[in-house]
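For reference, the structure is listed below as structure tokens.
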Amino acid sequence: HLLWKMTDKYTIDDVYKIAGKDLTDLIIAVTDKDKVHMIPSWFYQSRSALGGKSPCEICNEGHPEKLEKMLMDILTAAQGG
């Protein structure tokens, strides 16, 4: 729970500010409806699928397309594509 305590100060508005509307909407689209409240925490934590960087870091480094590709792959797989 310590990690959650460190990241619970962020809101979905913070994600929109950094990732932009389209990418944040995509993040929401691939998230289970009962877990949408966890998106800010997820956004600021490192992810092995992103080379150990957080989605926030990827966006701040100017490479949101890497995150978008990962999310599109998830969305496509979820839809049976």
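Side chains are part of it too, since the values below use all heavy atoms of this structure and drop only hydrogens, waters and symmetry mates. Because the structure is a prediction, the values reported are computed rather than measured.
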Listing request: all salt bridge (charged side-chain N to carboxylate O under 4.0 Å, His left out) pairs with a residue in residues 64-76, at least two apart in sequence or in separate chains.
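Only K69-D73 qualify under salt bridge (charged side-chain N to carboxylate O under 4.0 Å, His left out).
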With sequence neighbours excluded, residues passing side chain to side chain donor-acceptor pair (under 3.5 Å) with D14
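By the side chain to side chain donor-acceptor pair (under 3.5 Å) rule, D14 matches T11.
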For residues 26-35, pull every pair meeting side-chain hydrogen bond (donor to acceptor under 3.5 Å, both in side chains), keeping only residues two or more places apart or in separate chains.
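Every candidate side-chain hydrogen bond (donor to acceptor under 3.5 Å, both in side chains) pair involving residues 26-35 fails, so no pair, neighbours aside, qualifies.
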Check whether any side-chain heavy atom of L71 lies under 4.5 Å from a side-chain heavy atom of L23, and answer yes or no.
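L71 vs L23: side chains touch.
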Would you say the side chain of I18 lies within less than 4.5 Å of the side chain of Y44, judging by non-hydrogen atoms?
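In contact.
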For atom CE of M70, decide whether the heavy atoms of other residues, nucleotides or ligands shown that lie under 6.0 angstrom number more than 12.
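Atom CE in M70 is crowded, with more than 12 foreign heavy atoms closer than 6.0 Å.
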Approximate separation, where rounding is to 0.5 Å, of [X] [atom1] and [Y] [atom2]:
| X | Y | atom1 | atom2 | value |
| --- | --- | --- | --- | --- |
| Y10 | Q45 | OH | CD | 11.0 Å |
| F43 | L67 | CZ | CG | 7.0 Å |
| I12 | T24 | CD1 | OG1 | 6.0 Å |

Using residues 48-58 as the side-chain source, report each donor-acceptor pair under 3.5 Å to any protein atom, sequence neighbours left out, with the distance given to one decimal.
unit_1	atom_1	unit_2	atom_2	d
K53	NZ	E61	OE1	2.9
K53	NZ	E61	OE2	3.0
S54	OG	C56	N	3.4
S54	OG	E57	N	3.0
S54	OG	E57	OE1	3.4
E57	OE1	S54	N	2.7

